[in-house]
Protein chains: 2
Amino acid sequence: MKKLINGADDVVDEMLDGMARAYPQYLRRLDGLDVVVRVGGSAGKVALVSGGGSGHEPAHGGYVGKGMLDAAVSGAVFTSPTPDQVYEAILAANGGRGVLLVIKNYTGDVMNFEMAADMARDEGIEVEQVIVADDVAVEGSTWTVGRRGIAGTVFVHKIAGACAEAGADLAEVRRVAQKVVENVRSMGMALAACTVPSAGRPGFDLAEDEMEIGIGIHGEPGVAREPVAPADDVVDELLEKILAEGIYGAGDEVAVMVNGMGATPLMELFVANRHLGEELSARGIRVHRTMVGNYMTSLDMAGFSITLLKLDDELKALLDAPCDTPALTQA
Amino acid sequence: MKKLINGADDVVDEMLDGMARAYPQYLRRLDGLDVVVRVGGSAGKVALVSGGGSGHEPAHGGYVGKGMLDAAVSGAVFTSPTPDQVYEAILAANGGRGVLLVIKNYTGDVMNFEMAADMARDEGIEVEQVIVADDVAVEGSTWTVGRRGIAGTVFVHKIAGACAEAGADLAEVRRVAQKVVENVRSMGMALAACTVPSAGRPGFDLAEDEMEIGIGIHGEPGVAREPVAPADDVVDELLEKILAEGIYGAGDEVAVMVNGMGATPLMELFVANRHLGEELSARGIRVHRTMVGNYMTSLDMAGFSITLLKLDDELKALLDAPCDTPALTQA
């Protein structure tokens, strides 16, 4: 295992310190906790709290700031944060108008975030939640009952965050977040597995001529191992599965995310986006906005995912609203 | 070689199409050329043109937009763009107040950009240039006479771009760009080499326990091969070489870039930034702004570089000015 780290046991702690050092204008780390909160506070607005295992950077700390998250909680690598850490994040983020938890659908995350929500409610804080389950690859896995939450989660942060920033109440922010959840779908693939620092070796092995279709973001194997194919064919395969959901059709407007898994050059993501754009256009699906880059990663996995979000006027306006965070700023 | 591409011969062309599809709000591709230009044009301002071989994404097309570049030219992977392509970029970017070329110090780049400048001057366009040579690792290499230009170039784009956006004339924009060149230094390392698509194999081989110190951004080997060390020791080694320049001392304010080479997880870059921040602080060097991410990459190389830029009030104000481009937006 080759990694630019000091030790597997210290990686999350040191990463969070490094993040806080990099972005004092955006966030600060809570003393002794693996939680970063928005600088300037969230008084007078609904607060958004998200998080999950580490290893998905820039998610989730990178989305803390104006128009997105108010706090992010980090667990160990690919491990749910504990309820007490989530609870502290809720307390710190709460600005008096309630807290929305954005949870990716993994058994541990859902359990621990819900436990924290109960603890916070006992303190009189209004807490609601949405569960993101955008991955169409599998209906259940090592880590999940039901579908997994992956890169589509970033659209929930952006759109619900804009809604909260505009002063909406908790029920309204939750409604909008849930609308994104219902209209967003993703699917990913890998050319190479990632290596969890404490494990020291890749989560699965792929031969030089193999790729894995339908991977998640936790180093878990996918649903099919296939010979490496040209980029356009890979895009076709992922897109077909996403379109089979029946959500996206001619005349619809969508937001597109071509998300790198951590070790994929931007060059390759643009090559994928070219064909994706062509295919959507051929189907009469209009692209309103495209994001290409590393938004929800899986350590050093080589691969990518495609996410589509169907937009209406409300979602479009919120997606286009300004935001200012370490990983996503819109003027 | 595992890459998400269709064919090595098409990769630059398809990448540029994918980039243009992703960011119609920022840039458009010139017909039949490997040039992207800013949407909305550059009338009434000094235009900035940069570029170089492909494989450094998001450089340089990702920096085309408000407050940074007006055009970017892409050569083949790790190959200088031809003079005629640079010439077309100058023509398209020119808004009537002259054009500044930001050139990284590689023999081919300097020659071809200068030839293009001469062609443009023959058409009556005022053209000036700066040459970025921030890499302290080597004084000459396969690709260069003198020092190489690497990630520090992004600071030139940002600061000279802000100066041009504010309405300065060509001499003034050049002066400011040159001031950045004189105050910026970088050094990089790799845990794994990158693979040029047409070559099909890594540019050099590293054993499982080796790293390469002093690499550039073209897959060229570095200046020393050493056993893999903890991140903090690697940071110390790069920083020591940069500080030996004698530019940065107690009481100075700097901008910091911790730049990923393409396949390095953000987690590891934050771990590096933690120790870098500590070391700078211990020396009384104040960090005004930090950028952590993939800004000037080398395909799928695993590794990173550190860049320091000494700031005065003028550079600070220009660095902090708003910009709006695909790869860097500041509110």
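Below, chain A is the first sequence line, B the second, and so on; all start at residue 1.
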Is [X] salt-bridged to [Y], going by a charged N under 4.0 Å from an acidic O?
X: B:Glu165; Y: B:Lys158; result: no
X: B:Lys316; Y: B:Glu253; result: yes
X: B:Asp232; Y: B:Arg274; result: yes

Can you tell which part of [X] gets under 4.5 Å to a heavy atom of chain A, answering side chain, backbone, both or neither?
X: B:Val11; value: both
X: B:Val292; value: both
X: B:Glu278; value: both
X: B:Ala207; value: backbone
X: B:Thr264; value: backbone

Is a donor on one side and an acceptor on the other found under 3.5 Å between the side chain of [X] and the backbone of [Y]?
X: A:Glu14; Y: B:Val271; answer: no
X: B:Ser54; Y: B:Gly75; answer: yes
X: A:Asn259; Y: A:Phe304; answer: no
X: B:Asp300; Y: B:Thr195; answer: yes
X: B:Arg29; Y: B:Asp13; answer: yes
X: A:Glu210; Y: A:Glu226; answer: no

Flag the one option from [options] with the top tally of heavy-atom pairs under 4.5 Å to chain A.
options: B:Ile5, B:Asn6, B:Leu269; answer: B:Asn6
options: B:Met15, B:Glu57, B:Lys2; answer: B:Lys2
options: B:Asp324, B:Leu299, B:Val228; answer: B:Leu299
options: B:Met261, B:His275, B:Arg21; answer: B:Arg21
options: B:Pro24, B:Gly262, B:Gly303; answer: B:Gly262

Original post:
In terms of heavy-atom proximity below 4.5 Å to chain B, should A:Asn294 be classed as side chain, backbone, both, or neither?
Top reply: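 The side chain, not the backbone.
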Exercise for the section: Please flag which part of A:Leu206 lies under 4.5 Å from any non-hydrogen atom of chain B: side chain, backbone, both or neither. Expected result: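 Both parts, heavy atoms under 4.5 Å.
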If you count heavy-atom pairs under 4.5 Å with chain B, which of [options] comes out on top?
options: A:Ala331, A:Ser281, A:Ala327; result: A:Ala331
options: A:Glu208, A:Met211, A:Met291, A:Lys66; result: A:Glu208
options: A:Leu266, A:Leu328, A:Val287; result: A:Leu266
options: A:Val258, A:Asn273, A:Val235; result: A:Asn273

task: Hey, can you tell me if A:Tyr295 and A:Tyr63 have their rings parallel, tilted or perpendicular (30° and 60° cut-offs)?
output: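 The arrangement is parallel - the two ring planes meet at less than 30°.
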